[in-house]
Amino acid sequence: MNLKNIPNITAAEWEIMKICWMKPAPCTANEIVKALEELTDWKPNTIKTLIGRLVKKGALGFQEEGRVYIYSPLVTEEECIQAESKSFLARVFGGALKPMLVTFLQEEKLSRDDIEELKQLLEERKE
């Protein structure tokens with residue numbers, strides 16, 4: 001899927017998608033509700049509304065088996081992370097990567113291992 005076609009997913013919808021991405025097989029609305037009831041104070045109807053929004057956005061697909069709906073992701077977690085990263089970069093840093101990296105490097109505490117890993121990644125990109 002082209003990154004431009006990745007739906008805009010809200011923070012609450014991300015929680016639904018994370019459940020669906022973690023499951024090895026498609027899951028029912030009840031499975032999603034049960035997983036989120038353990039993590040949040042959301043009511044089942046709220047969760048089902050969010051599932052419906054994700055279906056409309058094209059992030060989740062479904063098939064009906066009797067009276068049960070089985071949901072599966074239509075976009076990968078990696079695609080959504082890439083799209084969200086590009087959106088964040090465009091909104092906050094005008095699309096420029098260097099100012100974002102400088103900001104994070106100045107603000108975050110990095111271990112020696114983190115620094116070495118970043119150096120290695122930069123060297124690989126140089127090649």
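Everything numeric here is computed off the predicted structure, so don't read it as measured data.
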Q. Should we say atom CZ of R112 is surrounded by more than 12 heavy atoms from elsewhere, each under 6.0 Å from it?
A. no
**Q.** Lys/Arg-Asp/Glu bridge criterion (N-O < 4.0 Å) met for K126, E123
**A.** yes
Q. Is it true that a side-chain atom of S87 and a backbone atom of A83 form a donor plus acceptor pair closer than 3.5 Å?
A. no
Q | Pairs meeting criterion side-chain hydrogen bond (donor to acceptor under 3.5 Å, both in side chains) with involvement of residues 16-25, two or more places apart | A | E15-K18
Q | salt bridge (Lys or Arg N to Asp or Glu O under 4.0 Å) against E116, all qualifying residues, sequence neighbours excluded | A | K119
Q: Kindly give the heavy-atom pair with the smallest separation between P73 and M17, and that separation in Å.
A: CB-CE, 4.0 Å
**Q.** Side-chain heavy-atom pair S72, Q63 within 4.5 angstrom cut-off
**A.** no
**Q.** Straight-line distance of E78 CD to I6 CD1, nearest 0.5 Å
**A.** 10.5 Å
Q.
Which heavy atom of K57 sits nearest to which heavy atom of I9, and what is that distance?
A. NZ-CA, 4.3 Å
Q) What are the two closest non-hydrogen atoms of E13 and N8, and how far apart are they? A) OE1-O, 3.9 Å
Q: Output the distance between atom CG (L36) and atom CD1 (I16), rounded to the nearest 0.5 Å.
A: 5.0 Å
Q. Nearest 0.5 Å, what's the CG-CG distance between L118 and L105?
A. 6.5 Å
Q: Might you point out which heavy atoms bring W14 and C80 nearest each other, and give the distance in Å?
A: CH2-CB, 3.7 Å
Q) Who else is in F88's hydrophobic cluster (ILVMFWY, side-chain heavy atoms under 4.5 Å, direct or via others)? A) L89, V92, F93, L97, M100, L101, F104
Q.
As an exercise, state the distance from CD1 of I32 to NZ of K48, rounded to the nearest 0.5 Å.
A. 10.5 Å
Q: Working to the nearest 0.5 Å, report the span between OH of Y71 and OG1 of T28.
A: 9.0 Å
Q. Cluster question for you: counting only ILVMFWY and a side-chain heavy-atom cut-off of under 4.5 Å, with indirect links fine, are L60 and I81 together?
A. yes
Q.
Take a 6.0 Å sphere around CD of E117 and say whether it holds more than 12 heavy atoms from other residues, nucleotides or ligands.
A. no
**Q.** Contact summary for L74 and G61, nearest pair of heavy atoms
**A.** CG-N, 3.4 Å
**Q.** Same apolar cluster: I70 and M22, side chain cutoff 4.5 Å
**A.** no
Q | Heavy-atom pair of closest approach, residues G58 and P7 | A | C-CG, 4.5 Å
Q) In Å, rounded to the nearest 0.5 Å, how long is the span from NZ of K109 to CD of E107? A) 9.5 Å
Q.
In the structure I gave you, are the side-chain heavy atoms of L50 and W42 within less than 4.5 Å of one another anywhere?
A. yes
Q | In one Ile/Leu/Val/Met/Phe/Trp/Tyr side-chain cluster, 4.5 Å: I47, L39 | A | yes
